[in-house]
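Structure, as structure tokens:
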Amino acid sequence: MPRHTGLNNIPGLVSRRQYPFDLIEPRWQHRWEEESTFRAFNPGDSVPADHPFAKRHGVSGTVTAAQLPPKYYILDMFPYPSGAGLHVGHPEGYTATDILARWRRARGFHVLHPMGWDSFGLPAEQYAVKTGQHPRITTQENIANFTRQIRSLGFSYDWSRELATTDPGYFRWTQWIFLQLYHAWFNPATNKAEPISTLDYPEGCDTEEKRRAHRDGKRLAYVSEQPVWWCESLGTVLANEEVVDGKSEVGGFDVVRRPMRQWVLRITAFADRLLADLNTLDWSDSLKEMQRNWIGRSEGAEVDFALEGHAARIRVFTTRPDTLYGATYLVLSPEHRLVADITSAAQRAGVLDYQAQVASKSDLERTELAKDKTGVFTGACAINPVNGARIPIWIADYVLASYGTGAIMAVPGHDTRDHEFAQKFQLPIVQVVQPPEGVDWRGFVGEGTAIHSGHLDGLPTREAKQTITAWLEGQGTGRRTIHYKLRDWLFSRQRYWGEPFPIVWRTGADGVSHHEALAESELPLVPPDLSDYKPTASGDPPLARAKDWVNLPGGVVRETNTMPQWAGSCWYYLRFLDARGGAGFVSREAESYWMNSPGRTPGVDLYVGGTEHAVLHLLYSRFWHKALFDLGHVSTAEPFHKLVNQGLILGEDSQKMSKSRGNVVNPDDILEEFGADAFRLYEMFMGPLADTKPWNTRGVEGVYRFLGRVWRLYVDEKSEVAFEQALAAAAHPGTELLDLLILHGAITEVAAGPAQSKALHACIKKVSEDLEGLRFNTAISAMMVFVNEANGWQARPVSVMKAFLQLLAPFAPHLAEELWSRLHAAFGERAPSLSHAPWPVFDPAHLVEDTLEIPVQVNGKLRGHITVMRGTSDAEIERQALACERAQPWLAQKTVKKVIIVPNRLVNIAVA
RNA sequence: GCGCGUGUGGCGGAAUGGCAGACGCGCCAGACUUAGGAUCUGGUCCUGAAAGGGGUGUGGGUUCAAGUCCCACCUCGCGCACCA
């Protein structure tokens, strides 16, 4: 793609810029930094008397929560600082939140708008494996580059709260939170996490070893030997959420199921609350739905089937206990532990063969070949508890070992999968639900009326479920159950560049090794430096190479796994509240002010980021937050009240941007040529924030020209020529050249005329409303309309011109600040800080028109217009409409049936 | 397959049930200019000489009035995907 570099490409010619953004933007960025313009103050902080916040709100010195204006916490999903640098997709959300942060400040809110770095992660580690360079160095370099790029966009972050998850001062508290989870258990009676000390021990726990085993089995952070996703290429295990279509989400490498000893967090204990509390959040329906799907709550019953000739019973899970009479066979997953016991001698060979077949299939194959059902008969039979029917037991891979009980009762009459299977293997299909009139019962899976079902006959599905479940409970052969798709969170990784677990392993007197937590005073536990970052030959994590670090006196060894990248991002929004505090992960006072101010939105007011975190980060964060809430460390049940996903930005070819397609747009190039304000404006002008939309550099030129028109509205043309000549002559052009520019002569202290006030107030109204609704594109269009009109004004009242800059400021803050200060200077005033200036007040009186032009329709088609005075009676409007000359051809020879008058808007004459 | 979303000029996109296409890009014409890829002005849904007619994925419906509401279908996108 040719770069639109304009005159820059032609040797000997200096680029003619629309306006000198290259001098203006650094000037204001420097000023904001120097002044700490965007610093947010915690209760207890001292507010300098000369800070614009102090002047605006009349507070200074040490402030209390009550003295501070209403809080507004607006948060971006912090980035992983990759080596590739910023992508045009990053600044989309960041620009949106910056505009809103600046707007909230103008409206008098006390805005917290921080930025930081999610800096643990695989790329820096892979680079270390290749080059031996410590990931810390790589990470520092990348952070420096990201910082430069983000700062050059002029975002109003409070940089004093900047954090990085890789900073020991930060991950000390990530480890501390892990210890809180480790030292807690979930009490089902209270439905809350509680300190492990409240745990009761069952009878028989008479030794410390038994008590420990019981305790360790109940912790929110526990160790489990279980089949996990192992990725050979990445050299680590992955969480369920990190595996997509049988491949690693990162890199797309093969993964295999392998039993390993791992740290796991008990997120499933919170499944119900994670689900229920979604209803309290202002998130998009689709996002909530994704979380609901992932949690996958399903209500049903477990039913125990007795076996013919065996003492064991087979427990199945079903959401349709009402169809129990229609269960004509059972299916176990091929991995079910009873398969070996029940298989008859005659079927043994076939069963073993099938099991081997299934085991060799990857999960991908198993799901891709889902269409064609396979399975084999075990030779065993079960007894249907409801009617004593003898039904065969099969194994088939359409039943998953990992869900429910790993076994089902098959109801081929009313389940699509069972129906397919039964047809293929000629198993009996019976009807037990009567569908609505005219619907075939075969394969009918909806709700209906029970039939051929003994005492359930005639009951609607819902009641039949209740009745049969109660009956099963009475018989002791079943019970109401809720199952979740959500699995506990696999929390350990075989990596170097992550938080080490604050855990050691000690071998007890019984020879059994057990884990123990480090004391909080031993945090942070910093990973040792290595010369080789690869896992060991025996498959141990890289940390195992640091023998001095791992081995402690008395045969005690450190845990060598590390935490996943999600750990650091689980709670960063809390650390921002008190980023430098050393007394705790967050101070109680800061937490309660920013997250739980009386009368304010609880939690983060607005959180903006990509959909890719819909189930990972957002679910994990909510889980940690709830655990911290239960344990009394935070004061709200949910972290993020309102959440908005920005849409993807595609390349100019409407394809996903990627290096291989060569359609990646680098923000640095755009900034170089058009400046930060134009870049910001364009990203917001492209379309609705949440939509996917293609990049178009021509579009940037459009908004850039708009900013040029704004500039020329305020700056004298002749002085611009002088400025440009000086600029061309200067060896090292500096900001002092800007002094050559003078204000446009048309800007004077005259009173605004009615048309001018109308233009301004229409703009104030539209921009204000659109910002409230996050409609940045239409807000910008309203400002363009204003500028197009103001261009034609002979006199430009300074009051109007000032107010417009305030509207523009959130979007194009550098240009607005520059013109704002010039405007004040030209009239001998000291400019108050634009960043803290009160938002212009909309006055509807300016929009009222004395005369109205009203369209006249005949039978809904536009035929003409009439001009009437405001307040004209309906009768008079009707008279004039009927007399409307342009409409006469459609009214002649017709009978007027009805005249509809929409006040001030329209007249429609219905004729026949 | 299920769930959610989307469909409007050459393009990005606007339109509390009330004048479809705001604003921007592109394109056309003009002005200023040695010059224009700068700037300014005007034009730009289709058809038609005009009057007019047609037009928001398709088909139906509600309404004085439908891009907008209802029903059915189609398209594309996203998510889930044998979850019992």
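Computed from a prediction, not measured in an experiment: that's the story for all the values here. Just so it is clear: chains get the letters A, B, ... in the order the sequence lines come, proteins before strands, and each one is counted from 1.
For rG1(B), neither phosphate oxygen OP1 nor OP2 lies less than 4.0 angstrom from any side-chain nitrogen or oxygen of Thr416(A). Taking 4.0 angstrom as the limit, Arg705(A) places a side-chain polar atom (N or O) nearer than this to OP1 or OP2 of rG26(B). For the pair Gln18(A) and rU39(B), the criterion of a side-chain N or O lying under 4.0 Å from OP1 or OP2 is met. Residue Arg863(A) places at least one side-chain N or O closer than 4.0 Å to OP1 or OP2 of rG53(B). Contact annotation: Lys861(A) reaches the phosphate of rG54(B) (side-chain N/O to OP1 or OP2, under 4.0 Å). Phosphate contact (OP1/OP2 of rA14(B), side-chain N/O of Asn777(A), threshold under 4.0 Å): present.
Among the atoms of the strands shown, none is found under 4.0 Å from any heavy atom of His483(A). Counting any heavy atom pair closer than 4.0 Å across all strands shown, Trp695(A) reaches no nucleic acid atom. Counting any heavy atom pair closer than 4.0 Å across all strands shown, Asn788(A) reaches sugar-phosphate atoms only and no base atom. Among the atoms of the strands shown, only primed sugar atoms or phosphate atoms (P, OP1, OP2) are found under 4.0 Å from some heavy atom of Pro688(A). Residue contacts for Val902(A): at a heavy-atom cut-off of 4.0 Å it reaches a base atom on one of the strands shown. Contact annotation for Asp418(A): no contact, since no heavy-atom pair falls under 4.0 Å across all strands.
In this structure, of rU39(B), rA84(B), rG13(B), it is rG13(B) that holds the atom nearest to the side chain of Lys693(A). Minimum atom distance to the side chain of Tyr398(A) is reached by rC82(B), of the listed rA38(B), rC25(B), rC82(B). Distance from the side chain of Glu289(A) is smallest for rG3(B) among the nucleotides rG26(B), rC23(B), rG3(B). Ranking rA84(B), rC80(B), rG12(B) by closeness to the Phe685(A) side chain, first place goes to rG12(B). Of the listed nucleotides (rA84(B), rG53(B), rC64(B)), rA84(B) has the atom at the smallest distance from the side chain of Tyr403(A). With rC19(B), rG24(B), rC25(B) as the candidates, the nucleotide lying closest to the side chain of Arg709(A) is rG24(B). Candidate nucleotides rG52(B), rG79(B), rA84(B) were compared by shortest atom distance to the side chain of Thr318(A), and rA84(B) ranks first. Residue Ser781(A) has its side chain nearest to rC23(B) when only rA14(B), rC23(B), rG3(B) are considered. Here rA14(B) is the nucleotide among rA84(B), rA14(B), rC25(B) with the atom lying nearest to any side-chain atom of Thr778(A). Proximity note for Arg886(A) (side chain, C-beta onward) versus rG52(B), rC23(B), rA84(B): the nearest is rG52(B).
Comparing the C1' positions of rG53(B) and rG3(B) gives an interatomic distance of 43 Å, to the nearest angstrom. One P atom belongs to rG43(B), the other to rU63(B), and the distance between them is 40 Å to the nearest Å. Rounded to whole Å, the separation between the P atoms of rG9(B) and rG5(B) comes to 23 Å. Across rU6(B) and rG57(B), the matching P atoms stand 13 Å from one another, rounded to whole Å. To the nearest whole angstrom, the two C1' atoms, one in rC46(B) and one in rU56(B), are 13 Å apart. Nucleotides rC69(B) and rC78(B), compared at atom P, are 24 Å apart to the nearest Å. With both ends at atom P, the span from rU41(B) to rG24(B) equals 11 Å, rounded to whole Å. For rG1(B) and rC70(B), the P atoms lie 24 Å apart once the distance is rounded to whole Å.
Taking each heavy atom of Leu338(A) and Arg313(A) in turn, the nearest pair found is CD1-O, 3.6 Å.
Summarising the geometry, the separation between CD1 on Ile900(A) and P on rG18(B) is reported as 14 Å, rounded to the nearest angstrom. The CD atom of Glu769(A) sits 15 Å away from the C1' atom of rA22(B) (whole-angstrom rounding). Distance, Leu862(A) CG to rG52(B) P: 11 Å, rounded to whole Å. The CZ-C1' distance, from Phe776(A) to rA14(B), rounds to 17 Å in whole Å. Nucleotide rC40(B) holds its C1' atom 14 Å from the CG atom of Leu713(A), rounded to whole Å. In this entry the distance linking CG of Asn859(A) with P of rA66(B) reads 11 Å, nearest Å. Spacing between atom CD of Gln655(A) and atom P of rC76(B) amounts to 15 Å, rounded to whole angstrom units. Counting to the nearest Å, the C1' atom of rU39(B) and the OH atom of Tyr19(A) are 17 Å from each other.
Between Phe317(A) and His483(A), the ring planes are perpendicular. Angles over 60° get that label, and only those under 30° would be called parallel. Using a 30° and 60° split on the angle between ring planes, Trp793(A) and Phe786(A) fall in the perpendicular class, above 60°. Classification of the His414(A)-Phe444(A) ring pair by plane angle, with boundaries at 30° and 60°, yields perpendicular. Between Phe425(A) and Trp394(A), the two ring planes are tilted [angle within 30° to 60°].
A donor N or O paired with an acceptor N or O is not found under 3.5 Å between the base of rC64(B) and the side-chain atoms of Lys897(A). Scanning atom types as modelled, one donor and one acceptor separated by under 3.5 angstrom connect the side chain of Asn908(A) and the base of rC64(B).
The 12-atom threshold is not exceeded at CG of Asp285(A), counting heavy atoms of other residues, nucleotides or ligands nearer than 6.0 Å. No more than 12 heavy atoms of other residues, nucleotides or ligands sit less than 6.0 Å from atom CZ of Arg886(A).
For rG9(B), the base adopts the syn conformation, since its glycosidic angle falls within 90 degrees of zero.
Within the shown strands, rG61(B) is the pairing partner of rC69(B) under the Watson-Crick or G-U definition, both distances less than 3.5 Å. Under the Watson-Crick or G-U wobble criterion, with both distances below 3.5 Å, rU41(B) is paired with rA29(B).
Remark: the Trp711(A) side chain and the Glu720(A) side chain contain an N/O donor-acceptor pair separated by less than 3.5 Å.
Looking at which nucleotide of RNA chain B each of Trp294(A) and Phe317(A) is closest to, the 5′-most match is held by Trp294(A). Each of Met409(A) and Ile854(A) lies near RNA chain B, and the nucleotide nearest Ile854(A) is the one positioned closer to the 5' end.
The pair Arg480(A)-Glu302(A) fails the salt-bridge criterion, with no side-chain N (NZ, NE, NH1 or NH2) lying under 4.0 Å from an Asp/Glu carboxylate O.
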